[in-house]
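The structure appears below as structure tokens.
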Amino acid sequence: MPSSSDNEPLLFYCAKGRHYVLFQRICVTQCLPQKNIIQSLNLERSPLCLITDDASMCKILNCIGGLSPLTTETKQQVFNTICKHNLHKTLELFQYSTSTKEINSYAKCKDAKGVSALLMAAISSSDKVLLTLISSIFLSELCPREEKDQHLHDKDQNGRTLMNIVIAHGESLTFAKELLLKIGNVHF
């Protein structure tokens with residue numbers, strides 16, 4: 001897989017400059033072969049991870065045919081972006097395209113700093129995304145109890161658990177805190 005440092009593609013510069021409409025137009029243009037566009041999106045550091053606008057991310061993913069043309073690594077980058085930037089509509093698109101098991105694996109996968117996507121959502125105070133992930137992971141019968149416990153007890157680089165991070169946010173994540181407290185009482 002080519003690295004993103006080898007002549008950054010135009011899509012990378014569009015995303016970096018927040019020219020999301022241009023990014024979308026490039027994705028649907030007839031001038032470029034679709035395989036080249038998909039290859040650019042699947043770089044080691046995908047230009048998709050720079051899209052921070054929910055509506056634009058949904059439009060762009062719809063332009064390329066959803067998540068199916070993306071590699072697992074790129075899907076993980078998109079998932080992390082969703083968690084960091086509270087992209088709730090993009091998460092819905094993600095949920096419709098993948099299984100609960102895959103969502104769970106993306107949620108627990110850690111970035112270079114050792115932080116899982118679920119913790120990213122809590123750290124970023126991504127309230128809608130965090131609530132959606134908590135309900136889809138912890139209330140799912142398809143997610144084994146051991147994995148739920150892993151999510152509850154997983155720690156970030158500072159040793160904070162999901163509950164510690166949510167409580168530290170105070171009022172901004174009240175619903176997530178209440179839901180996690182109920183889940184914690186049921187599991188222990």
Side-chain angles (χ1 to χ4, degrees), residues 1-137 140 142-143:
M1 182 185 304
S3 127
S4 60
S5 61
D6 303 334
N7 298 322
E8 299 288 0
L10 181 58
L11 291 175
F12 185 85
Y13 292 110
C14 290
K16 192 173 181 180
R18 297 179 181 256
H19 299 291
Y20 303 141
V21 173
L22 180 57
F23 191 113
Q24 181 184 344
R25 286 185 183 151
I26 292 169
C27 288
V28 296
T29 185
Q30 300 296 320
C31 299
L32 298 172
Q34 188 71 10
K35 69 176 188 160
N36 290 6
I37 292 169
I38 300 302
Q39 185 179 15
S40 291
L41 295 176
N42 282 319
L43 289 172
E44 185 178 312
R45 181 162 186 247
S46 176
L48 286 171
C49 70
L50 298 174
I51 306 292
T52 58
D53 178 72
D54 203 10
S56 296
M57 179 71 92
C58 286
K59 287 177 186 175
I60 290 165
L61 289 175
N62 284 324
C63 285
I64 64 165
L67 296 168
S68 58
L70 303 178
T71 64
T72 303
E73 294 82 11
T74 302
K75 288 177 189 175
Q76 183 68 54
Q77 289 181 48
V78 170
F79 195 83
N80 291 352
T81 300
I82 289 168
C83 293
K84 288 178 184 174
H85 299 285
N86 208 21
L87 306 182
H88 189 253
K89 293 196 180 306
T90 308
L91 181 58
E92 288 175 7
L93 181 85
F94 212 97
Q95 286 180 301
Y96 294 130
S97 304
T98 55
S99 69
T100 303
K101 185 176 180 179
E102 288 173 304
I103 294 286
N104 187 36
S105 70
Y106 289 125
K108 69 181 177 183
C109 189
K110 297 186 178 193
D111 68 3
K113 295 179 183 177
V115 179
S116 71
L118 193 58
L119 291 175
M120 282 178 214
I123 292 166
S124 301
S125 193
S126 295
D127 56 346
K128 290 180 181 179
V129 168
L130 185 58
L131 281 171
T132 302
L133 290 176
I134 288 170
S135 60
S136 67
I137 291 170
S140 171
L142 301 174
C143 184

Query - More than 12 heavy atoms from other groups under 6.0 Å of NZ on K108 - result: yes
**Report entry** S136 and T100, any side-chain heavy atoms less than 4.5 Å apart
**Finding:** no
Report task. Of all the heavy-atom pairs spanning C63 and Q34, show the shortest one and how long it is. Result -> O-NE2, 4.3 Å
Query raised in the report: Say you draw a straight line from NZ of K59 to CG of D54; how long is it, rounded to the nearest 0.5 Å?
Result: 11.0 Å
Requested in this report: Step by step, work out the side chain to side chain contact (heavy atoms under 4.5 Å, CB included) result for R25 and V21.
Outcome: CA-CA 6 Å; R25 286 185 183 151; V21 173; 3.8 Å; yes
Report summary line: Between L130 and the options L118, N86, L119, the side-chain contact (heavy atoms from CB on, under 4.5 Å) test singles out L118
Query raised in the report: Roughly how far, to the nearest 0.5 Å, is the CE atom of M57 from the CG atom of L50?
Result: 9.0 Å
Query raised in the report: Ignoring hydrogens and geometry, is there a side-chain-to-backbone donor-acceptor pair from S126 to V129 under 3.5 Å?
Result: no
Query raised in the report: So, do F79 and I103 sit near enough that their side-chain heavy atoms are less than 4.5 Å apart?
Result: yes
**Report entry** Distance in Å, T72 OG1 paired with Y106 OH, rounded so as to fall on 0.5 Å steps
**Finding:** 5.0 Å
Query raised in the report: Nearest heavy-atom pair of N42 and T71: which atoms, and what distance?
Result: OD1-N, 2.9 Å
Query raised in the report: Between T132 and H88, is a side-chain hydrogen bond (donor to acceptor under 3.5 Å, both in side chains) present by the stated rule, with each step listed?
Result: CA-CA 8 Å; T132 302; H88 189 253; 3.1 Å; yes
Query raised in the report: How far does CG of L67 sit from CG of N62, to the nearest 0.5 angstrom?
Result: 9.5 Å
Report task. Decide side chain to side chain contact (heavy atoms under 4.5 Å, CB included) for S97 and L61; before the verdict, give the C-alpha distance in whole Å, the side-chain angles of both, and the deciding distance to 0.1 Å. Result -> CA-CA 11 Å; S97 304; L61 289 175; over 6 Å; no
Query raised in the report: Closest approach of A107 and I137, non-hydrogen atoms and distance?
Result: CB-CD1, 3.5 Å
Report task. State whether the side chain of N80 and the backbone N or O of A117 hold a donor-acceptor pair below 3.5 Å, judged by distance alone. Result -> no
Query raised in the report: Is a side-chain N or O of T29 found less than 3.5 angstrom from the main chain of L32, in a donor-acceptor match?
Result: no
**Report entry** side chain to side chain contact (heavy atoms under 4.5 Å, CB included) evaluation trace for T81 with L48
**Finding:** CA-CA 8 Å; T81 300; L48 286 171; over 6 Å; no
Query raised in the report: Is T90 reaching over with its side chain to a backbone N or O of I82, donor-acceptor style, under 3.5 angstrom?
Result: no
Report task. For K110, enumerate each residue passing the side chain to side chain donor-acceptor pair (under 3.5 Å) test, keeping only those at least two apart in sequence or located in another chain. Result -> D154
Report summary line: With sequence neighbours left out, the residues meeting side chain to side chain donor-acceptor pair (under 3.5 Å) with T52 are R18, Y20
Query raised in the report: Can you tell me how far the SG atom of C109 sits from the CD atom of Q76, to the nearest 0.5 Å?
Result: 4.0 Å
Query raised in the report: Hey, does F23 have a side-chain heavy atom less than 4.5 Å from the side chain of P47?
Result: yes
Query raised in the report: Between S40 (side chain) and N36 (backbone), is there a donor-acceptor pair under 3.5 Å?
Result: yes
Query - Shortest non-hydrogen contact from Q77 toward E44 - result: NE2-O, 2.7 Å
Report task. Please assess I64 against L70 for the test side chain to side chain contact (heavy atoms under 4.5 Å, CB included), listing each intermediate value before the final yes or no. Result -> CA-CA 9 Å; I64 64 165; L70 303 178; 3.9 Å; yes
Requested in this report: Enter the distance from L11:CG to L22:CG here, rounded to the nearest 0.5 Å.
Outcome: 8.5 Å
Query raised in the report: Nearest heavy-atom pair of V115 and M120: which atoms, and what distance?
Result: O-CE, 3.4 Å
Query raised in the report: Do you know which two heavy atoms are closest between I51 and A15, and how far apart they sit?
Result: CD1-CB, 3.8 Å
